[in-house]
Novice: 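Could you have a look at this structure, given as structure tokens, before my questions?
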Amino acid sequence: MVLGICGIANAADAVEILSIGLVGTAAEDDLNLTSQRAGALNACIFAGMFLGGLCWGMLGDAVGRKRSLVLALAVNAVFGALSAASTNLGQLMVLRLLAGVGVGGSMPVVFALMSEFCPPSSRGKFMAMLASFWMVGSLYSASMGWLVIPWAGWRPFVLVAALPAVVGCVLLAALVPESPRYLSVMGRGREAGQVLMRAARMNGTHLPEDFTIPSFHHRDQDILEHKASLRTDAAGHPHAVLLGSGPGAGSSGPAGPDGLAPGPALGSTRRGFVARLRLALQHGWGRGSATLVTLLSPPLRSYTLPLGVAWVGLCGGWYCTVLWVPRYFEERGATGASVYAQTFAVSLANLPGNLASIWLVDRLGRRLTACICMAGACACALLFAAAPARGAWPLLAACVFNGVSVGGWNSLDMISAELYPTSLRASGFGFLNALGRVSSFLTTYAAGALLDVALWAPLAVAAVMLAAGSAAMLSLPEPAGKPLEDSFTEEDKEAEHGGGGDEGSTQRLLGARGSSGGSSRDPLRQGAEDEEEGAALAAAAKAGPAPERVGLLAGARG
């Protein structure tokens, strides 16, 4: 259920992005679009995606995966549908930019949510299937463009393109629970237990009688809730020097739950909307700056820098090619409905690439799959540029390019969600997504100008960027088959992993004492696990308040 609904959300993002290329072609006469004006229209959605990815990723880590994803899909649906009422290019650009904020916001959160429901043994398969829904969205966009635009025009097509976001928003709000891993890391162990019990009922399975959740205070939250200055010790472990971020900072009194010292100054801010808004902005700025510092400091910097190069390369190289596919075909002699038919064929080429990536991400791993696929897309972009203007060669080269590059997208999405800890999973993905959108914005806009110089010029730029992204992937570790991390601070890691537990990310995260509820367990093993559990509790106590032990079945009976 989670896969299907998150897949619809991912497909909605694809529809919103890819439909703008068809709108730009169909609205040339209505909006008096030149190549440069069409390039500006295509680039607007990426400006919105930059803002959405940067802000919504942090929102997903601060307020939860579900609430932030529902809000992002709603923004996508509302402003995407309103685009149909645009009367000029300026209005259309503003509305597409706002729709792009929702698109950029949903992408990091949807992959964080899906990854946190999967155990290591099947995470690659499920994440690849989630990424494959991008193909569903691209096929929907191309087919609706083929069916709707020639007969009804581009405005009804824009309304049809907003439907997947509406459906995804409603289903997500009604059916999908919050991530239990996120709830546990945030110290909401009882709520995590309720989600797991609901999942067990739906799946027809049973949790063991002694299944418990250690819910303890994470130092990650101290670092992210304040404007923090990170320092690292000789081993490269981060330590936060907390700096007060509001009234009362620097006082020796205890801080309130929002990181500000209690007292008359805080009480006075609650008397007026403007003061409360200023306080919220200060808090958001403090958390945002701390998040960016953490992502760009050891140990996470070793992930962020190469992943950033890969995202810039793949986003720039792919979008400046695919969003201009209708124009490439027009310049090479395609007319009328054949433009949409060929665009549909290019979208359909995603199918073999998706099927191959589902198999490759666990056999070769995420890192090598992304590296090979981006290198292959680089070669295909050069072949597309050199293809003869007539015959089937341009269509064949574009189809192969799209089929090969989709494996790079799928594996890059997966590794970007898997390498970061739970406390920063959506923020890290959102930051990378924002970097990629800057690249998409610049290259998509530049492609419009480069097409006036030579048809092959944007494709040559795409090839260079894809080659750089492929090389960057080689410096990353391989997360396939490994449990997700929940924290970037050493104290939290010791508390989390000290509790033992059997294989599986859910059990490892929640400190389960077994994968079945049988009573014939080895007493020596049981004693060892009890000792490990005691060590975990001691480590957790050092990191914050005493842990809350939530017994799922006992809690349900209560």
Novice: Would you indicate whether the side-chain heavy atoms of W56 and L69 approach each other to under 4.5 Å?
Specialist: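 No, too far: nothing below the 4.5 Å cut-off.
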
Novice: Once rounded to the nearest 0.5 Å, what's the spacing between atom CG of D13 and atom OG of S106?
Specialist: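 Rounded to the nearest 0.5 Å, the CG-OG separation comes out at 3.0 Å.
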
Novice: Throw together a table of side-chain donor-acceptor distances under 3.5 angstrom for residues 128-137, partners on residues two or more places apart or in other chains.
Specialist:
{"from": "S132", "atom 1": "OG", "to": "A128", "atom 2": "O", "distance (Å)": "2.7"}
{"from": "S132", "atom 1": "OG", "to": "N354", "atom 2": "OD1", "distance (Å)": "3.1"}

Novice: Please check: side-chain N/O of Y182 versus main-chain N/O of D61, any donor-acceptor pairing under 3.5 Å?
Specialist: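 Confirmed, Y182 side chain pairs with D61 backbone.
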
Novice: Donor-acceptor pair, S184 side chain versus R181 backbone, under 3.5 Å?
Specialist: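 Side chain of S184 to backbone of R181, a donor-acceptor pair under 3.5 Å: no, none is there.
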
Novice: Among R425, K482, R366, find the residue that satisfies the salt bridge (charged side-chain N to carboxylate O under 4.0 Å, His left out) test when tested with E418.
Specialist: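 Filter result, single survivor: R366.
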
Novice: Mind checking side-chain hydrogen bond (donor to acceptor under 3.5 Å, both in side chains) for E178 and listing every partner two or more places apart, or none if nothing turns up?
Specialist: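 By the side-chain hydrogen bond (donor to acceptor under 3.5 Å, both in side chains) rule, E178 matches no residue at all.
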
Novice: Mark yes or no for whether K66, through its side chain, and A173, through its backbone, hold a donor-acceptor pair below 3.5 Å.
Specialist: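 It does hold such a pair.
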
Novice: Among residues at least two apart in sequence or on other chains, which ones pass side chain to side chain contact (heavy atoms under 4.5 Å, CB included) with V176?
Specialist: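 Only V2, I5, L113, L172 meet the side chain to side chain contact (heavy atoms under 4.5 Å, CB included) criterion with V176.
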
Novice: May I ask you to check whether Y420 and S427 show a side-chain donor-acceptor distance below 3.5 Å?
Specialist: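 No pair is found: no donor N or O on one side chain lies under 3.5 Å from an acceptor on the other.
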
Novice: Under the side chain to side chain contact (heavy atoms under 4.5 Å, CB included) test, which residues partner S121, sequence neighbours left out?
Specialist: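 For S121 the side chain to side chain contact (heavy atoms under 4.5 Å, CB included) partners, ignoring immediate neighbours, are P119.
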
Novice: Test of understanding: with side-chain hydrogen bond (donor to acceptor under 3.5 Å, both in side chains), list the residues that count as partners of S411, not counting sequence neighbours.
Specialist: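 Not a single residue meets the side-chain hydrogen bond (donor to acceptor under 3.5 Å, both in side chains) criterion with S411.
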
Novice: Suppose the criterion is side-chain hydrogen bond (donor to acceptor under 3.5 Å, both in side chains): which pairs have a residue in residues 3-12, not counting sequence neighbours?
Specialist: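 Pairs touching residues 3-12 that pass the test: none.
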
Novice: Could you please spell out the steps behind the side chain to side chain contact (heavy atoms under 4.5 Å, CB included) verdict for S115 and L484?
Specialist: CA-CA 9 Å; S115 69; L484 297 176; 4.1 Å; yes

Novice: Between S405 and W318, do the side chains contain an N or O donor and an N or O acceptor separated by less than 3.5 Å?
Specialist: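 There is such a pair between these side chains.
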
Novice: Does R96 come within less than 4.0 Å of E16, counting only side-chain N to carboxylate O?
Specialist: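 Salt bridge flag = yes for E16 with R96.
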
Novice: Tell me every residue that passes side chain to side chain contact (heavy atoms under 4.5 Å, CB included) with A200, counting only those two or more places apart in sequence or in another chain.
Specialist: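 Partners of A200 by the side chain to side chain contact (heavy atoms under 4.5 Å, CB included) criterion, ordered by chain and then number, come out as T205, L207.
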
Novice: S179: what forms a side-chain hydrogen bond (donor to acceptor under 3.5 Å, both in side chains) with it, not counting sequence neighbours?
Specialist: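 If we apply the side-chain hydrogen bond (donor to acceptor under 3.5 Å, both in side chains) test to S179, skipping adjacent residues, the hits are E116.
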
Novice: List the residues meeting side chain to side chain contact (heavy atoms under 4.5 Å, CB included) with L476, not counting sequence neighbours, and say none if there are none.
Specialist: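 Side chain to side chain contact (heavy atoms under 4.5 Å, CB included) list for L476, sorted by chain: P306, L307, R367, I415, L419, M473.
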
Novice: side-chain hydrogen bond (donor to acceptor under 3.5 Å, both in side chains) with T369: which residues, sequence neighbours excluded?
Specialist: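 Result, side-chain hydrogen bond (donor to acceptor under 3.5 Å, both in side chains) vs T369: none returned.
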
Novice: For the residue pair Y303 and P477, establish whether any side-chain heavy-atom pair is separated by less than 4.5 Å.
Specialist: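 SC-SC contact between Y303 and P477 confirmed.
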
Novice: Tell me every residue that passes ring pair (Phe, Tyr, Trp, His ring centres under 6.0 Å) with F429, counting only those two or more places apart in sequence or in another chain.
Specialist: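 Result, ring pair (Phe, Tyr, Trp, His ring centres under 6.0 Å) vs F429: F111, W311.
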
Novice: Taking the six-membered ring where the residue is Trp, are the ring centres of F46 and Y319 under 6.0 Å apart?
Specialist: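 Yes - the distance between ring centres of F46 and Y319 falls below the 6.0 Å cut-off.
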
Novice: Could you list all the salt bridge (Lys or Arg N to Asp or Glu O under 4.0 Å) pairs where at least one residue sits in residues 297-306, not counting sequence neighbours?
Specialist: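 Those involving residues 297-306 do not exist here.
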
Novice: Kindly indicate whether the side chain of F488, heavy atoms from C-beta on, has any atom under 4.5 Å from the side chain of S297.
Specialist: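 In short, these two side chains do not touch, never coming nearer than 4.5 Å.
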
